[in-house]
Amino acid sequence: MGGFAKPKQNTKKRNNNINEDFINGGRGETDNDSRKITKNGKVLHVIIREETHKRLTRYIETEARRIESKAYITNEAINMWLDNKGFEK
């Protein structure tokens with residue numbers, strides 16, 4: 001069968017395009033998109049003091065393990081607070 005052959009693209013250029021698409025399309029967990037639907041949770045917007053936010057951000061950037069996102073840390077803190085108050089689960 002006839003047809004036009006697809007022109008070969010430079011491998012390095014193709015890899016750069018793939019990398020750029022990946023970076024431009026990437027989204028992190030800390031993205032604050034209130035339209036995002038979670039599988040087993042609800043979105044909670046909380047206002048915290050600026051100093052606390054900076055402290056939390058520094059902790060996540062320097063000390064946190066992979067699973068310790070802002071959402072995870074907030075969830076754990078609220079659960080501990082409720083447990084300390086003796087509120088049932």
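Side chain of N79 to backbone of N75: a donor-acceptor contact under 3.5 angstrom is found.
Scanning all heavy atoms of the two residues, the minimum distance from R58 to T62 falls at O-OG1, 2.7 Å. Across every non-hydrogen atom of D83 and K89, the tightest pair is OD1-CE, 3.4 Å.
If you take CZ on R65 and OH on Y72, they are separated by 6.5 Å, rounding to the nearest 0.5 Å. We find the OG1-CD1 distance between T52 and I47 to be 13.0 Å, quoted to the nearest 0.5 Å. For the atom pair CD1 (I73) and CD1 (I78), the distance works out to 12.0 Å, reported to the nearest 0.5 Å.
One hydrophobic cluster, built from ILVMFWY side chains closer than 4.5 Å, cannot hold both L44 and M80; they sit in different ones. There is no path of hydrophobic side-chain contacts, each under 4.5 Å, that joins I60 to I48.
Under 4.0 Å is where a charged nitrogen must lie from a carboxylate oxygen, and between E50 and K54 at least one such pair does.
Residues K70 and L56 meet the side-chain proximity criterion, which asks for heavy atoms closer than 4.5 Å.
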